[in-house]
Trainee: 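Below is one structure. I have some questions about it.
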2 protein chains.
Amino acid sequence: MANEAPHTPPRAPTLEDVAQVAGVSRATVSRVINNTRNVDPALHETVWQAVEATGYVPNRAARSLVTRRAGSVALVVSEGESRNEDDPFYSRFLGDPFFGRVLGGVLSVLNPAGVHVPLTLVGSETARTKLVGDLRQGQLDGVLVLSLHPQDPLPRLLTEARVPAVLFGRPAEPIPISYVDIAQQTASKLASEHLLARGCRTIAAIAGSLDMPAGHDRLVSFRSAMAQNGYAYVPAVEGGFTQEGGERAMTRLLAEHPDIDGVYAANDVMAQGAVHVLRDSGRRVPDDVAVIGFDDSSAAVASRPPLTTVRQPVEDMAAEMARMIMGQIDHAGARTTSVIFEPTLVVRRSA
Amino acid sequence: MANEAPHTPPRAPTLEDVAQVAGVSRATVSRVINNTRNVDPALHETVWQAVEATGYVPNRAARSLVTRRAGSVALVVSEGESRNEDDPFYSRFLGDPFFGRVLGGVLSVLNPAGVHVPLTLVGSETARTKLVGDLRQGQLDGVLVLSLHPQDPLPRLLTEARVPAVLFGRPAEPIPISYVDIAQQTASKLASEHLLARGCRTIAAIAGSLDMPAGHDRLVSFRSAMAQNGYAYVPAVEGGFTQEGGERAMTRLLAEHPDIDGVYAANDVMAQGAVHVLRDSGRRVPDDVAVIGFDDSSAAVASRPPLTTVRQPVEDMAAEMARMIMGQIDHAGARTTSVIFEPTLVVRRSA
DNA sequence: CGTCAGCCGGAGAGCGCTCTCCCCCACATT
DNA sequence: AATGTGGGGGAGAGCGCTCTCCGGCTGACG
């Protein structure tokens, strides 16, 4: 028994190997694989056979080195200053079904395209500079950003670095950066008209955090939708997007307006909290008070009664983000764009 | 205005640039940065200053090319044959808080270490070969696998390719692959003793899918824990880990054993379904029937009453996976290992 | 029949880094 | 004083790929 290469794994085949098998030059194989120029069809065929035969897989690193393209787009979950990566807050957000849907949408576009999608949590100055460094250095071709905090400096940083980036949801400050978002007016219209149509006359809102664009926009547009139907004022309490906040908000709303018969909550978990409070106060849902949530999350289905809720096409939005970032990467200097999606109302039993 | 480099971004500094600024050779700078050998402390200092001054960031691709290390570990969500990537099933799993916790745990170890964590959904033969190809080619240093299906061929494939890999949960078939898991016996002991201690005498189980290790082990170990307390037989119905399945299982259990006063469900959503059925049947939880769930997911908190549940230290387990894979990568040929974690009982109001 | 454009394949440079090899010099040893 | 020893630095090869440049061949046209 010869001791040749006793523990060396059989080195992966390179372009050179394929070239040798096919009896052509490295350059030709490269051309075939990236089909970048006309190559004689017969040779083309031979080369592919050689690729099959050798089990060749292009080496990403080598390719990146020369093309200055990493072939990866980071999905970044970004907080402002206050938090660090160990904060359970992150797990909470990552565990949110919403995040999973985003991920699914992004991967459905990027994985088939052979693009890697590294995930990063960014919650400190250090992490932020490292991210931008990676981007400038070309370790990353672009970023998809889920920015959770209105004062998050990351979006601005990214625009300043002139680096491909797309946000989920409009930025808190008006800066020139691409994003996808949902038509909050449509959502509000859907919700208000549904509530009105089923006979609600005293309607209140449980708002999300008002310093976040989503929280702010949902309340403002709901009020204006109600105004268009003749309701000059809609009482609202902020619930901070948490179930407990929803419960507190509902309690307060009930205290101030005991005759409430319709509630629009800016997300499902707050709606769920509201339902609990409503039931505990002896009211039936939807008979005495109708409740509409937002997100169509698993909470909506798990709730009793299951929640009527506004559904964002999150997967589609995320997929569009992926397409947008690829566009930006391919055409440097392209204009920043925004794509707005239409929500739908999923009618279940709570309203 | 000179038109020198009108649109060329100022090329990122390379090792060479730093070397020039520091007045040393490329090799020395490399040594300092990776501190791989003794370097004169004074020079060391000079070099770091030069790094600061130039804003140098090492080029990952170039480094990978020579070290044959990608600096990235994929997190793979793997299904068996039956599904494709567009299947909403994936979104559902990704949206599961459990997944987010895994992600959080993994990132808490790998991000600080500068390791990228690309996410991949693998649900087809093509995707599987591509993954193994990436691994062999060195685009990926290792994989962390969440295998969802008992017949999933991926774990076996990975061991055959002799590639660094760690599973969450023991493999369905006995193959030599590293994994982390939970001590199901402890979980069962905790649950059974809690139920018994609060006076339950007719106890049933709602099992998960029995072809999955988690589903199987939870039921088997629960029965043996009950047996140790003198209960020879525990009626059980499979609920497939879904809320609806939990409802159906509870309905059937109730029909066959109307005197049930304690239920152990293999996850929270089934427990939540069970609670709904129990309440609809006029029984009070926990007064008439106590219910224990598993996972300590958001469903446990959202449920009314909030669920007493078995909590796995998922973040810790995921972090350990990350450490294990790094160990495997650094010491090729290391033995496959398993690490088993102890669960705890989170007592809320349902039992 | 000569010239030239156009097409297609090969040669080879070089992307930014690591790492082996070599050399120089300071200091210890004989 | 000659030789040994080892720490610390530089030179340079080369990782696997893309892409520019070049050359040979073919066919069209004068």
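Protein chains get the first letters and strands the later ones, always in sequence-line order, with residue 1 at the start of each.
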Trainee: When you measure from the side chain of Gln139(B) to the backbone of Pro58(A), do you find a donor-acceptor pair of N or O atoms at a distance under 3.5 Å?
Mentor: yes

Trainee: Tell me which donor-acceptor pairs under 3.5 Å the side chains of residues 153-161 of chain B have, and how far apart each pair is, sequence neighbours excluded?
Mentor:
from: Arg156(B); atom 1: NH2; to: Glu173(B); atom 2: OE1; distance (Å): 2.6
from: Thr159(B); atom 1: OG1; to: Arg156(B); atom 2: O; distance (Å): 2.7

Trainee: Leu75(A) vs Thr120(A), test: side-chain contact (heavy atoms from CB on, under 4.5 Å). Steps then yes/no.
Mentor: CA-CA 6 Å; Leu75(A) 181 57; Thr120(A) 326; over 6 Å; no

Trainee: Give the B/S/- string for nucleotides 13-22 of chain D, one per nucleotide from 5' to 3', where a protein heavy atom under 4.0 Å of the base yields B, of only the sugar-phosphate yields S, and otherwise -.
Mentor: B-BBBBBBB-

Trainee: Taking atom CD as the centre, does Gln20(A) end up with more than 12 heavy-atom neighbours from other residues, nucleotides or ligands that are less than 6.0 angstrom away?
Mentor: no

Trainee: Going by side chain to side chain donor-acceptor pair (under 3.5 Å), name the residues that satisfy it together with Arg31(B), two or more places apart in sequence or in a different chain.
Mentor: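 Counting only residues at least two positions away or on another chain, Arg31(B) forms no side chain to side chain donor-acceptor pair (under 3.5 Å).
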
Trainee: Residues two or more places apart in sequence or in another chain: which of them pass side-chain contact (heavy atoms from CB on, under 4.5 Å) with Ser25(B)?
Mentor: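 Checked Ser25(B) against side-chain contact (heavy atoms from CB on, under 4.5 Å); matches are Ala27(B), Thr28(B).
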
Trainee: For Phe168(B), enumerate each residue passing the ring pair (Phe, Tyr, Trp, His ring centres under 6.0 Å) test, keeping only those at least two apart in sequence or located in another chain.
Mentor: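 With sequence neighbours excluded, Phe168(B) shows a ring pair (Phe, Tyr, Trp, His ring centres under 6.0 Å) to Phe98(B), given in chain and number order.
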
Trainee: How large an angle, rounded to 10°, do the end axes of the helix from dC1(C)-dG30(D) to dT30(C)-dA1(D) enclose when each is built from five base pairs?
Mentor: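 It comes to 60° between the two terminal axes.
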
Trainee: Which ones in residues 41-48 of chain B lie close to DNA chain C, meaning a heavy atom under 4.0 Å from one of its atoms?
Mentor: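 When residues 41-48 of chain B is checked for heavy atoms under 4.0 Å from DNA chain C, there are no hits whatsoever.
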
Trainee: Between Leu140(B) and Ala70(B), what is the shortest heavy-atom contact and its length?
Mentor: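 Answer, listing the atom of Leu140(B) first, then Ala70(B): N-CB, 3.9 Å.
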
Trainee: Just jot down the side-chain contact (heavy atoms from CB on, under 4.5 Å) partners of Val21(A), sequence neighbours excluded, or say none.
Mentor: Ala50(A), Thr54(A)

Trainee: Counting only non-hydrogen atoms, which of residues 17-24 of chain A are less than 4.0 Å from DNA chain D?
Mentor: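 By residue number: none to list.
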
Trainee: What residues form a side-chain contact (heavy atoms from CB on, under 4.5 Å) with Ala318(A), not counting sequence neighbours?
Mentor: Val102(A), Val106(A)

Trainee: Could you pull out all residues at least two apart from Gln328(A) that satisfy side chain to side chain donor-acceptor pair (under 3.5 Å)?
Mentor: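 Checked Gln328(A) against side chain to side chain donor-acceptor pair (under 3.5 Å); matches are Ser178(A).
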
Trainee: Test of understanding: with salt bridge (Lys or Arg N to Asp or Glu O under 4.0 Å), list the residues that count as partners of Arg69(A), not counting sequence neighbours.
Mentor: Asp330(A)

